Engineer: 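Mind looking over this structure? Questions follow.
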Amino acid sequence: MALRCALQCLKLNEIPEAWVEAVWDLEFTERRPLDDTIQQELIVNWEKAFRNLYQCLLVHGVDQQQSAGRDGTSESVWAILKENGTTVKSLVAVLSLFVLAGKSKAASVQQKVSGLHAASVYLLLLGIPGSIANKVFHEVLFDTCSNLTSHCWPQDSGKKRKKHNFKSSQTEGKRFKPQRKDTPEKEVEVDEAEEEKEEEELNFSGQDLMSIRDAVVLLVQSLLRLLHTFPIKDRQQSSSNCAQIFSKLLYFEPVIGELSYAAEQDITKLRSVPEMAFYGLKLLCLPKHGDQKESLRVVFHQLLYVILMMNKGNRGKPSLLIPSQAILATRDHAIHFVCHLVDEMKQLALPFLQILLQHICIQMVEKSEFRSHGAQAVGMLTSQMEGRDYAYFIKWLFNFSRHSKMVRRLFSVDVVMVLLEQPERRPEECQDPELACFLPHKFLIQSMLFARQMDESPSVQGHALACLAQCLELSSLNVTRAIHNLFSAGTQTVLGSEITEGSLNSQQTQKTYHTLSFRTVEISSTDSSGCDAKENLALLLQHLKDSKTNVRKSALQALVGLLKHNVIPMSLENLARLSERCRDPAVSVKKKALQCVGELLTAKPECRVMQKAWLQGVVPAVVDSESSVQDKALEALDQVLLSQVKLCSDSCCLDSSQRLTWDLLGLLCHDCHNLSHYFSRAVTMWSKQKKFTPLFITNLISHTEADHAAGAWLLLSKVVSSSIRLPYAKILNAWDSMVSSKEISVTTCCHILCVMGDIAEHLNKDTKYRIIDDLMSLLKTFTLSLEVISAAVETIYQLGRSDDVRQTQAFLNQHCGEMVSLCEAYLTSTILSEKGPQNFNEQLMVKHLHTLGVASLYCPAKVSKRTVLLVESILTTHSDKLAECPEQLPALLPPLQFSALSLPARVRAHGVITLAKLCLQHEDLVQKYLPVFARELEVGTQVAVRNNVVVIMCDLCVRYTNIVDHYIPNISACLRDSEAVIREQTLIMLTNLLQEEFVKWKGSLFFRFVVALVDPDPAIAREKVQFSLKGAQHSEKRFLIYRFLLKYITDAQRIILTHKINQTVLACFADEELPLDADGAEILSETFNILSLKEMKLQVTCTPAGGAAGEEPEEENMHTMAKAVLQAAQKKVVSQVQKKTFIENTVPLIISLKSLLEQKHSPVLRDLMAYLQVTMQDYRNEVKEFFSEDKHLAAEVEFALKMTEKEAMKEQMHNCTLKGDAKTTTAQEIVQDSHVRSRPLLPLSFATPQLPRLNCMSDRLLHTDGHVHRSQQEELVQSKSLALERTVMPKGAVNDRAISTPKGVSVNLTFDGVSAIFSDQGTSPVGETSILYVRSNEHQSPGLRRWNVQSPLRHRSSKV
């Protein structure tokens, strides 16, 4: 009765039959208008009618199913419809009216809700037994009703939709591609604009959204009820559409609580739409809906893009979704659902799990966040695999890690890191011994992760190195052991060889995102090579100097990991490499290096070598040009040094942090005293920040009597000048202890004297004079070390300084003048006395000279001419030439003592320094003694003396620039000195003068600096005997210099340089202005060799558009693509200009020179032809055009080019030789064992992506016996293959069995739009290659069934 009432509300008897027939004729593709009166009544009564009808159909459906089991006693729905005078076609037509109204883009809330209810009624009607017999099912209407949720639910919950707000890197590159002419692009843009405008005009309240949501839930429940009872195994298109609909519903709303994937569930108890969607996907995998393998393929394909967090439309490339919390949660649920299906269906699902994993890897994008989530998904899914399947996937991943696309190699590293976090598989878990070697973590570490550090892409290199460091933090002992095997001495590790991706053709590397097909990917590899531990470490250290910033940073991280975990020794050499990076040109690398040395110091605080390396890296960074680096260095020093200065007492013991602080300060006092200047700069910056509080000073002074007092005095000497109030009594007590003690070290004495000088202004006169007397007494004994003498004289100056300059100078003349007099008297007694040689004391002589030089700086007026001559005599006594010329000797000195006294080199070296200090205060002395210094550089034989002369002449250049400038050639001549120390000192000093612009690049200075590049000493790189590099024996050195200079010039400078070479060298020889003798022939030969260098080529024509060599742009963003287009245009323009210049300027000279060289039978002709051969490589097809005036020369050049190509092919064949059948079962050899014939694949629509392998000539040589060349048709197929090349069938495999199919598993699948995998016995026609059949040995799977309906257009044409 209720059903009859519900049908009456729909006024079905009043519906015109003609309208019903018209709706069915249109096949529900468009809405047919109904009479306004009837339609208005339906709109008024729809809610009551649909709700009642739904409930009645729900009850009758259950009753009929139950009665069918009891031989049927209940009244049929179809009988009731017939009794009521209502046809099924009328009911379906009315339902379609509401469905199509709700599907409209401009539908109101009421229309959307009514449409959803109508669709629910239709789906419920389909589930009632007898629906097929009564012709209720129509595939178009079924698909429309099932997919109605995507049309009725507003985008972004009623807010304005912002299209393309997060595009993938692939889609952005599309803007630069030309549009196809046959695509109605304008119409599409207009439709999209209208659609967006219509949606923006709609506003939905919360109540409206709840109404639509309830209707959506009802529709999904109806679809689930239908799938419970209505099989769709013969309707593959509907099955695929259902899977797509359910995958979209996964994003419908957030899921509350945990999801259950139980086989049987009460539909009414499912709490959320995503939960219903997962249940629907599981229902599709039931046997009643067709082949479970095909169903799994379809479901896994839809879940692929959920896991990848992509939005895949019906056409075009998938776009990336914003990885929000909801998207991530949906992705996690999808992964768990896949794991559930695999766990439940076991062997049926495992082959498709392999395919799903391969597609995740193949379709991954470069964005780090997506790669991270994708790798986690791969890790979770592989945990469901058994040993053999897991090993097979690792084998595939190993070859995948060598793909030509950078992003895929990058993602393979991410996957390896996730797999290493899982428990290691045992070889016993794999039945196949050939695959067992892929299970250990050692293979992942050594053959996949470490091998990527030599990748051609800097991004992959850097990521692999960073991950290598992270591996040491994992808890797996086997991972740590594998890394130890890589770098431990005496261990040899077999690594995967690097594939030269350049051999892959362009068709194979195109971005064919939407053409990938859901099938197994087969990849092959080449031979591998071994590297021992030393070579591995050398490679890692080499990355520290890589040209790419990210590679250097990652190499730093890897090196720190190896050092921290004791994989490599904490040697001075390894740590020095780490400290050097703190002065890297890149700011980010410097910061990373500072972080790394700090991390390593924290891990190894007691290692003295590490402490020294930390100081050498961090302390100089305080004067870095980048303020952020300075701040980071100051922060590190503050944390390690200042913050750990606590009050010292006998009852308290130092903790590890405090011990580290005093150890570091102790190193600054002794081994690292050269860093004192940088540390002083740090203290100056801290003082501005008011770091040195009275409490800090008190704590610091408490350590001056401890065992580590040297470090305390060092720090106190730096900070005392920045402090206001100090405990002067304690400092004076320390001074008294120093005066009376003889055990205080030289460094500590200097620091105490520095403190005394800084606090001098706070002392009274009595205390000052007492300290001055103590200092004068100590100085007069001449027992102090040279460092203490300098510090003592400086302290005397500090103590006697006042506001009155004259009074200060009088004080210095008194005290320092007294020291000058004492030194002069000693020198007189030693040099002029007859008993001087007998009473000579080298140590005492050095101290007097040093004291004289230091004191003279404070009282230049007290330095007499006699004093200067005495010091001069020390420098000139050892010259035999001066002894031969007595008229040049000073008149005031007895000539007998010059020839009798022979002074040691140490005394003469200090004498030179003292004489230079005397010159600093008297310009006339500089002019007088500069020739003496220059002569000493020329004829002197003592290394220490010549070294000091270089230093003082460069120092004098700062003060007396114009005077010393004439002697720069004399100084630069020391760059060819026989002693490395002098060459190095000269290089450093001259470099400083050039940087400060005290010296200019004049004369031969530049040439002499350039020669430094080929020095045999690595620290200097200088020529040993002379600057001249003439001759064949120096050819290698010359070309090293040429390449170095050419590397750093611009393309504009290359063009100018080439023009000058043509005009000044080639033209002069062609016009015979320069003789073609032996020297001329050598010059001309070298000229041709220089022009043949690759560094002479214009960089814009050598650099591939879109990025560096070997790294694809991957269509990263608009900027990258715009840059690629600009580079391509620039390359074209420059190539044309270069071609024109070469034809007009160079070719005539080459023709003339060739004729001249042939007449003279000169061997230089060979170099000329070699130059032409290199140059014409870029113009291979234009040789005759270039040399139209000399056809004989053109023929010779063409012949030479052909011979070069043949030689290159032979060399390639030799290098690509493959081994025979492997006898061992190493992973690398297993991957190489792919020697059977393979065939190309067509572009795939939904098959597992096939990854290319190298086109080695040896692959063809293996098939010489009985091998038939591919037809032009097959070559055309291969040229169209975008991301594939071949699928390799192992020997002994079952015929026609897919590579991904495990042995013993019968697979019967059909994939539409897939290339065929042919057997070795025959081929398939090209027309059949659009379908791939994976079949068992028994029978072949049938093709796809088509709809049992005709299109409206076909139907109309048939009627006509």
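This chain uses plain numbering: 1 for the first residue, then up along the sequence. Every value quoted in this text rests on a predicted model; they were computed, and no experiment measured them.
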Engineer: As a quick check of understanding, evaluate side-chain hydrogen bond (donor to acceptor under 3.5 Å, both in side chains) for Ser864 and Thr867, giving each step before the final call.
Structural biologist: CA-CA 5 Å; Ser864 62; Thr867 304; 2.9 Å; yes
Engineer: With the side chain counted from C-beta on, respond yes when Asp804 and Thr808 share a heavy-atom pair under 4.5 Å apart, and no when they do not.
Structural biologist: no
Engineer: Got a donor-acceptor contact below 3.5 angstrom from the Ser785 side chain to the Val746 backbone?
Structural biologist: no
Engineer: Please say whether more than 12 non-hydrogen atoms of neighbouring residues, nucleotides or ligands are located less than 6.0 Å from CD in Gln639.
Structural biologist: no
Engineer: I need the minimum non-hydrogen distance between Lys768 and Glu761, along with the two atoms involved.
Structural biologist: NZ-CA, 4.4 Å
Engineer: Kindly compute the distance separating OG1 (Thr914) from CD1 (Ile874), expressed to the nearest 0.5 Å.
Structural biologist: 7.5 Å
Engineer: Apply salt bridge (Lys or Arg N to Asp or Glu O under 4.0 Å) to Lys928 and list each qualifying residue two or more places apart in sequence or on a separate chain.
Structural biologist: none
Engineer: Mark yes when over 12 heavy atoms from residues, nucleotides or ligands other than Arg583 sit less than 6.0 Å from its CZ; otherwise mark no.
Structural biologist: yes
Engineer: Counting only heavy atoms not in Leu647 (residues, nucleotides, ligands), do more than 12 fall under 6.0 Å from its CG?
Structural biologist: yes
Engineer: Give the C-alpha distance, both sets of side-chain angles, the deciding distance and a yes or no for side chain to side chain contact (heavy atoms under 4.5 Å, CB included) between Val623 and Gln630.
Structural biologist: CA-CA 6 Å; Val623 296; Gln630 294 181 12; 5.8 Å; no
Engineer: Could you tell me the separation between the CG atom of Leu556 and the SG atom of Cys596, rounded to the nearest 0.5 Å?
Structural biologist: 5.0 Å
Engineer: Could you give me the CA-CA distance, side-chain angles and deciding distance for Met989 and Leu993, then say whether side chain to side chain contact (heavy atoms under 4.5 Å, CB included) is met?
Structural biologist: CA-CA 6 Å; Met989 299 300 294; Leu993 293 176; 5.6 Å; no
Engineer: Okay, side chain of Arg908, backbone of Leu903: is any donor-acceptor separation there less than 3.5 Å?
Structural biologist: no
Engineer: Within a strict 4.5 Å, meaning less than it, do heavy atoms of the Phe696 and Leu715 side chains meet?
Structural biologist: yes
Engineer: What closest approach, in Å, do Trp735 and Ile752 show between heavy atoms, and which atom pair accounts for it?
Structural biologist: CE3-CG2, 4.3 Å
Engineer: I'd like to know if the side chain of Asp584 reaches the main chain of Glu580, judged simply by a donor and an acceptor atom lying under 3.5 Å from each other, with no hydrogens or angles considered.
Structural biologist: no
Engineer: Hey, what do you get for OH (Tyr960) to CG (Leu920), rounding to the nearest 0.5 Å?
Structural biologist: 6.0 Å
Engineer: Is the closest side-chain heavy-atom distance between Leu832 and Arg866 below 4.5 Å?
Structural biologist: yes
Engineer: Heavy atoms only: give me the nearest Thr795-Cys754 pair and the separation to one decimal.
Structural biologist: OG1-N, 4.5 Å
Engineer: One pair to check against salt bridge (charged side-chain N to carboxylate O under 4.0 Å, His left out): Asp638 and Lys691. What are the steps and the verdict?
Structural biologist: CA-CA 9 Å; Asp638 185 8; Lys691 291 276 187 181; 2.7 Å; yes
Engineer: Under 4.0 Å between a side-chain nitrogen and a carboxylate oxygen: does that hold for Arg770 and Asp736?
Structural biologist: yes
Engineer: Under 3.5 Å, is there a donor-acceptor pair between the side chain of His850 and the main chain of Leu786?
Structural biologist: yes
Engineer: First locate atom SG of Cys919, then atom CG of Leu930, and finally report the distance between them rounded to the nearest 0.5 Å.
Structural biologist: 7.5 Å
Engineer: Considering all heavy atoms of both residues, which atom of Cys749 and which atom of Val788 are nearest to each other, and what is their separation?
Structural biologist: CB-CG2, 4.0 Å
Engineer: Under the side chain to side chain contact (heavy atoms under 4.5 Å, CB included) criterion, do Leu827 and Leu852 qualify, and how do the steps go?
Structural biologist: CA-CA 10 Å; Leu827 293 176; Leu852 174 60; 3.9 Å; yes
Engineer: Taking Leu700's backbone N and O only, do any of them form a donor-acceptor pair with Thr704's side chain (distance below 3.5 Å, no angle check)?
Structural biologist: no
Engineer: Hey, could you give me each pair passing salt bridge (charged side-chain N to carboxylate O under 4.0 Å, His left out) that has a residue in residues 589-607? Not counting sequence neighbours.
Structural biologist: Lys564-Glu599, Lys590-Asp624
Engineer: Less than 3.5 Å apart, any donor N or O on the side chain of Ser571 or Asn574 sitting next to an acceptor on the other?
Structural biologist: yes
Engineer: Of the non-hydrogen atoms in Val793 and Cys816, which two are nearest, and what is the gap between them?
Structural biologist: CG1-SG, 4.3 Å
Engineer: Hey, could you give me each pair passing ring pair (Phe, Tyr, Trp, His ring centres under 6.0 Å) that has a residue in residues 757-806? Not counting sequence neighbours.
Structural biologist: Tyr728-His762, Phe782-His848, Tyr797-Tyr858
Engineer: Pair Asn813, Gln809 - check side-chain hydrogen bond (donor to acceptor under 3.5 Å, both in side chains), show working.
Structural biologist: CA-CA 6 Å; Asn813 290 339; Gln809 190 59 55; 3.0 Å; yes
Engineer: Let me see the working for Leu822 and Leu779 under side chain to side chain contact (heavy atoms under 4.5 Å, CB included), right down to the final yes or no.
Structural biologist: CA-CA 10 Å; Leu822 290 175; Leu779 287 172; over 6 Å; no
Engineer: Excluding sequence neighbours, so at least two apart, what forms side chain to side chain donor-acceptor pair (under 3.5 Å) with Thr747?
Structural biologist: none
Engineer: Below 6.0 angstrom between ring centroids: does that apply to His751 and Trp713?
Structural biologist: no
Engineer: Give a yes or no answer on whether the side chain of Ser579 reaches the backbone of Ala576 with a donor-acceptor pair at less than 3.5 Å.
Structural biologist: no
Engineer: Pairing donors with acceptors under 3.5 angstrom, does anything connect the side chains of His703 and His708?
Structural biologist: yes
Engineer: Looking only at heavy atoms, which two atoms of Ser856 and Gln921 are closest? And how far apart?
Structural biologist: O-CG, 4.4 Å
Engineer: May I ask you to check whether Gln798 and Arg801 show a side-chain donor-acceptor distance below 3.5 Å?
Structural biologist: yes
Engineer: Before accepting this row, confirm whether a basic side-chain N of the pair Glu626/Lys632 lies closer than 4.0 Å to the acidic partner's carboxylate O.
Structural biologist: no
Engineer: Checking Asn764 against Thr767: is there a side-chain donor and acceptor pair closer than 3.5 Å?
Structural biologist: yes
Engineer: Looking at SG of Cys648 and CD1 of Ile701, how far apart are the two atoms once the value is rounded to the nearest 0.5 Å?
Structural biologist: 13.0 Å
Engineer: Determine whether more than 12 heavy atoms belonging to other residues, nucleotides or ligands lie under 6.0 Å from atom CG of Asp707.
Structural biologist: no
Engineer: Evaluate Tyr929 against Glu872 for side-chain hydrogen bond (donor to acceptor under 3.5 Å, both in side chains), listing each step before the verdict.
Structural biologist: CA-CA 9 Å; Tyr929 289 111; Glu872 176 195 349; 2.7 Å; yes
Engineer: What donor-acceptor contacts under 3.5 angstrom involve side-chain atoms of residues 667-679, with partners at least two apart or in another chain?
Structural biologist:
| unit_1 | atom_1 | unit_2 | atom_2 | d |
| --- | --- | --- | --- | --- |
| His670 | ND1 | Gly666 | O | 2.9 |
| His673 | ND1 | His670 | O | 2.7 |
| Ser676 | OG | Lys718 | NZ | 2.6 |

Engineer: Output yes when a side-chain donor or acceptor of Glu818 lies under 3.5 Å from a complementary backbone atom of His815, and no otherwise.
Structural biologist: no
Engineer: How many angstroms lie between atom CD1 of Ile771 and atom CE of Met776, to the nearest 0.5 angstrom?
Structural biologist: 14.5 Å
Engineer: For Gln843, which residues count as a side chain to side chain donor-acceptor pair (under 3.5 Å) partner, sequence neighbours excluded?
Structural biologist: Arg906
Engineer: So do the side chains of Leu575 and Val597 get within less than 4.5 Å of each other, counting heavy atoms only?
Structural biologist: no
Engineer: For a side-chain hydrogen bond (donor to acceptor under 3.5 Å, both in side chains) check, start with the C-alpha distance between Asp631 and Ser628, then their side-chain angles and the critical distance, and finish with the verdict.
Structural biologist: CA-CA 5 Å; Asp631 296 339; Ser628 58; over 6 Å; no
